[in-house]
Amino acid sequence: MPLFSPHDQYVRVKQHCGELLSEVRKERPLVHHITNTVTINDCANITLAAGAAPVMAGAAEEAVEMAGIASSLVLNIGTLWPGQVDVMIIAGKAANERGIPVILDPVGVGATTLRTESALRILRECNVTILKGNEGEIGVLAGSGGTVRGVDSYGCSGDPVDVARRCAEVTGTVVAMTGEIDVVTGDGEVYLIRNGHPMMDRLSGTGCMAASLVGAFAAVASSPSKAAVAALAAFGRAGEIAAPGAAGPYSFRTGLFDALYSLSPEDLRDGTQVEIRRGI
Ligand SMILES: Nc1ncnc2c1ncn2[C@@H]1O[C@H](COP(=O)(O)OP(=O)(O)O)[C@@H](O)[C@H]1O
Ligand SMILES: Cc1ncsc1CCOP(=O)(O)O
Ligand SMILES: [Mg+2]
């Protein structure tokens with residue numbers, strides 16, 4: 001006999017999403033980013049809008065010290081420069097030693113050899129807690145095939161849920177795969193999150209911001225997968241609230257920050273659209 005019925009479990013996950021949002025605002029965790037130069041400001045502001053505190057620190061000389069005071073670390077390979085992966089690995093190892101979660105956003109993996117080798121090296125040399133990518137990126141890292149052009153996903157080969165499961169198996173991480181439906185899996189169940197809006201795909205940086213939010217929620221959560229579910233549901237919910245009032249991508253961007261800032265734990269609890277399936 002399972003301890004909880006599927007319906008009980010569904011209600012508990014939704015409740016937990018709301019609780020984690022409250023916890024982020026109460027704890028205001030410091031999220032250390034080593035990230036790209038395109039979306040760095042949006043990542044800082046979305047972290048603030050959620051109630052957490054961002055710091056962007058990319059120098060080798062301060063990587064260990066910053067990881068020493070942060071509550072989570074977000075590594076994003078969007079605009080790599082020579083030596084940046086070395087810094088990411090120094091920070092990642094320091095984060096691992098302290099036991100704080102490490103989130104990897106393998107932006108554009110599969111598009112070039114440098115990106116693929118860099119993502120694989122980080123996964124090999126650091127203990128990545130949550131791997132957050134779009135369908136193409138996760139398909140590439142699962143080894144089952146994904147198409148990435150520049151930083152854009154052209155999808156993965158096969159059933160996205162199977163691909164996410166396989167990626168979690170191969171990498172030993174919790175996988176948070178974004179898209180029209182987000183899939184989170186790796187330490188138990190598989191979660192499908194149906195929040196969000198197509199406008200989120202029309203704005204550069206929504207994938208990076210999703211990783212920042214996963215970092216903020218993982219910093220205060222005991223379960224990495226539940227943190228990723230709550231973060232993606234919160235971001236998706238903010239997108240749903242912002243889209244009807246937007247004239248286009250740029251007013252949507254403003255609305256997205258405002259909606260996340262104003263999102264109540266009760267709205268997140270009630271508005272989270274999650275399906276739970278048996279995991280690996
Ligand atoms: N068509 C869509 N419908 C709903 N939400 C979407 C859609 N496309 C993207 N999103 C949301 O936008 C965010 C970024 O996802 P995605 O576009 O897959 O990332 P990336 O920018 O890395 O390609 C995620 O929170 C995802 O849920
Ligand atoms: C356009 C671009 N080029 C390098 S990083 C970047 C931003 C990617 O943002 P996202 O994948 O979050 O949409
Ligand atoms: Mg994008």
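Each ligand, and each atom within it, is numbered from 1 in the order the structure gives. Every value quoted in this text rests on a predicted model; they were computed, and no experiment measured them.
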Task: Proximal atoms of ligand 2 relative to Ser204 (non-hydrogen, under 4.0 Å) - done: 1 (C), 7 (C), 9 (O), 13 (O)

Open item on the list: Residue-level breakdown please: for Thr206 versus ligand 2, do any non-hydrogen atoms fall below 4.0 Å on the side chain, on the backbone, on both, or on neither?
Closed with: backbone

TODO: Under 4.0 Å from a heavy atom of Thr39: give me the atoms of ligand 2 that qualify, with their elements.
DONE: 7 (C), 9 (O)

TODO: Go through ligand 1 atom by atom and flag the ones less than 4.0 Å from a non-hydrogen atom of Asp201.
DONE: 8 (N), 17 (O)

TODO: Answer yes when Glu240 and Arg237 have at least one side-chain N-carboxylate O distance shorter than 4.0 Å, and no when they do not.
DONE: yes

Open item on the list: With a sphere of 6.0 Å drawn around CZ of Arg25, does it hold more than 12 non-hydrogen atoms of other residues, nucleotides or ligands?
Closed with: yes

Task: Contact check: Glu137 vs ligand 1, nitrogen or oxygen atoms, below 3.5 angstrom - done: no

Task: NZ/NE/NH1/NH2 to OD/OE distance under 4.0 Å, Asp162 and Arg165 - done: yes

Task: Closest heavy-atom pair and its distance - Phe235, Ile46 - done: CE1-CD1, 4.0 Å

TODO: Begin with the C-alpha distance, continue with both residues' side-chain angles, and end with the deciding distance and a verdict on salt bridge (charged side-chain N to carboxylate O under 4.0 Å, His left out) for Lys26 and Glu23.
DONE: CA-CA 5 Å; Lys26 197 172 106 216; Glu23 203 58 31; 3.6 Å; yes

Task: Pick from Gly207, Ala211, Gly78: the one approaching atom 21 (O) of ligand 1 most closely through a non-hydrogen atom - done: Gly207

Open item on the list: Any nitrogen or oxygen of Cys208 lying under 3.5 Å from a nitrogen or oxygen in ligand 2? Just yes or no.
Closed with: yes

Task: Heavy-atom proximity to atom 6 (C) of ligand 1, best of Pro198, Ala238, Gly179, Ala176 - done: Gly179

- [ ] Return yes or no for this condition: an N or O of Gly207 is under 3.5 Å from an N or O of ligand 2.
- [x] yes

Open item on the list: Can you confirm whether the side chains of Asn127 and Asn96 place a donor and an acceptor under 3.5 Å from each other?
Closed with: no

TODO: Give a yes-or-no answer on whether the side chains of Thr178 and Asn134 include a donor-acceptor pair shorter than 3.5 Å.
DONE: no

- [ ] With heavy atoms only and a cut-off of under 4.0 Å, state how His197 meets ligand 1: side chain, backbone, both or neither.
- [x] backbone

Open item on the list: Quick check on side-chain contact (heavy atoms from CB on, under 4.5 Å): which of Asp182, Leu141, Ile138 does Met177 satisfy it with?
Closed with: Ile138

- [ ] Could you see which bit of Asp182 sits under 4.0 Å from ligand 1, with heavy atoms only: side chain, backbone, both or neither?
- [x] side chain

- [ ] May I ask you to list the atoms of ligand 2 that are less than 4.0 angstrom from any heavy atom of Gly205?
- [x] 9 (O), 10 (P), 12 (O), 13 (O)

- [ ] Check whether any heavy atom of Ser153 sits under 4.0 Å from an atom of ligand 1.
- [x] no

Task: Atom indices of ligand 1, in the order listed, that fall short of 4.0 Å to a heavy atom of Gly196 - done: 4 (C), 5 (N)

Open item on the list: Taking Glu189 first and then Arg277, would you say they form a salt bridge - that is, a charged N and a carboxylate O separated by under 4.0 Å?
Closed with: no

- [ ] Show your reasoning for whether side-chain hydrogen bond (donor to acceptor under 3.5 Å, both in side chains) applies to His33 and Ser212.
- [x] CA-CA 8 Å; His33 291 69; Ser212 296; 2.8 Å; yes

- [ ] Pick, from Gly78, Cys43, Gly150, the option with the minimum heavy-atom distance to atom 4 (C) of ligand 2.
- [x] Gly78

